[in-house]
Amino acid sequence: RHRALRRLLSSSRPPPASLADRLPPLAGELRLAHLPRIALCRDIRGPAVCGLLRPTIVLPADLPDRLTPAQLDHVLLHELAHVKRRDLAWGHLHAALLVLYWMNPVLWIVQSRIRQVREEATDERVAVARRGEITSYAETLLGLARLAIPKPPLLLGMPGVIETPSALGIRVRRLLDQSVPTRDSLGWSGHAAVWGLALVALPLANATEQAHPTSSPRS
């Protein structure tokens, strides 16, 4: 998959200046210090971001000409939000776990749910940055689906805007039905709750294991 990704990027071309100039102000909205590069590629069906050490937003070569400026900003904001959230690093970690524990069906089910929640969280970050454009952002997602419903990216570490039609429907309903949060992060209270739950759950799991030890075979 890494080789396929390298082939994909080797066949891409740099964006025109009009497209590259849109990136810095959008990154400023998300407080993203380091800009990813943009690559236009004929062999990809939907927008995505890749590159663990050097993030790259990959767009279909004809996509900028098929979207309005507002829609293009929504697409770029979504991919920048993936970079801001460090989804590329987490995606590689999840891939490593799948390689090590490929025989565990529960992990594959959890991975599918992680992908869905990752996209919902990214949508939420865009919604916080563009509070007055929730409806138009949802319309952008539907517009991308009408252009071409892409299959889930097979390349390692390539979060995209649209992954499956069913997941897209859930995300659009979530955007339109729920209130926009005031911030796009857990905050101190959220992190404290997560760590507090972990500190309680881990000792309980250890106590359960000690109470039910695995019986060793008799010699």
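Computation of the quantities below employed the complete heavy-atom set of this structure, encompassing side-chain atoms and omitting hydrogens, waters and symmetry-equivalent molecules.
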Smallest separation among heavy atoms of [X] and [Y], with atom names:
X	Y	result
Ala89	Leu52	CA-CD1, 3.5 Å
Ser12	Ala39	OG-CB, 3.6 Å
Ala27	Leu80	N-CD1, 3.7 Å
Leu88	Cys50	CD2-CA, 3.8 Å

>> So that I know where these two stand, are His78 and His74 an aromatic pair - ring centroids less than 6.0 Å apart?
In response: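 Centroid separation for His78 and His74: 6.0 Å or greater.
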>> Measuring from atom CZ of Arg171 to atom CD of Glu119, what distance do you get when rounded to the nearest 0.5 angstrom?
In response: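 Taking CZ in Arg171 and CD in Glu119, the distance rounds to 4.5 Å.
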> Once you round to the nearest 0.5 Å, how far does CD1 of Ile114 lie from CH2 of Trp90?
Replying inline: 9.5 Å
> Can a salt bridge be assigned to the pair Arg22 and Asp73 using a cut-off of 4.0 Å between side-chain N and carboxylate O?
Replying inline: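 Salt bridge flag = yes for Asp73 with Arg22.
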>> With a 4.5 Å cut-off on side-chain heavy-atom distances among I, L, V, M, F, W and Y, is there a chain of contacts connecting Val110 to Leu97?
In response: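 No.
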So does [Y] get a backbone contact from the side chain of [X], meaning a donor-acceptor N/O pair under 3.5 Å?
X	Y	result
Glu133	Arg130	no
Ser11	Leu8	yes
Thr140	Ser136	yes

> Hey, mind stepping through Leu63 and Leu40 against side chain to side chain contact (heavy atoms under 4.5 Å, CB included) and telling me if it holds?
Replying inline: CA-CA 9 Å; Leu63 187 66; Leu40 301 179; over 6 Å; no
>> Among Arg118, His94, His82, Arg115, exactly one meets side chain to side chain donor-acceptor pair (under 3.5 Å) together with Asp87. Which residue is that?
In response: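 Exactly one option meets the side chain to side chain donor-acceptor pair (under 3.5 Å) with Asp87, and it is His82.
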> Knowing that exactly one of Val49, Asp43, Leu9 qualifies, which makes a side-chain contact (heavy atoms from CB on, under 4.5 Å) with Val58?
Replying inline: Leu9
> Step by step, would you call Asp62 with Arg66 a side chain to side chain contact (heavy atoms under 4.5 Å, CB included)?
Replying inline: CA-CA 7 Å; Asp62 62 342; Arg66 303 175 70 181; 3.3 Å; yes
>> Go through it in stages, so that I can follow the logic: the residues are Leu175 and Leu141, the test is side chain to side chain contact (heavy atoms under 4.5 Å, CB included), and I'd like the CA-CA distance, side-chain angles, deciding distance and then a yes or no.
In response: CA-CA 11 Å; Leu175 280 169; Leu141 297 179; 3.9 Å; yes
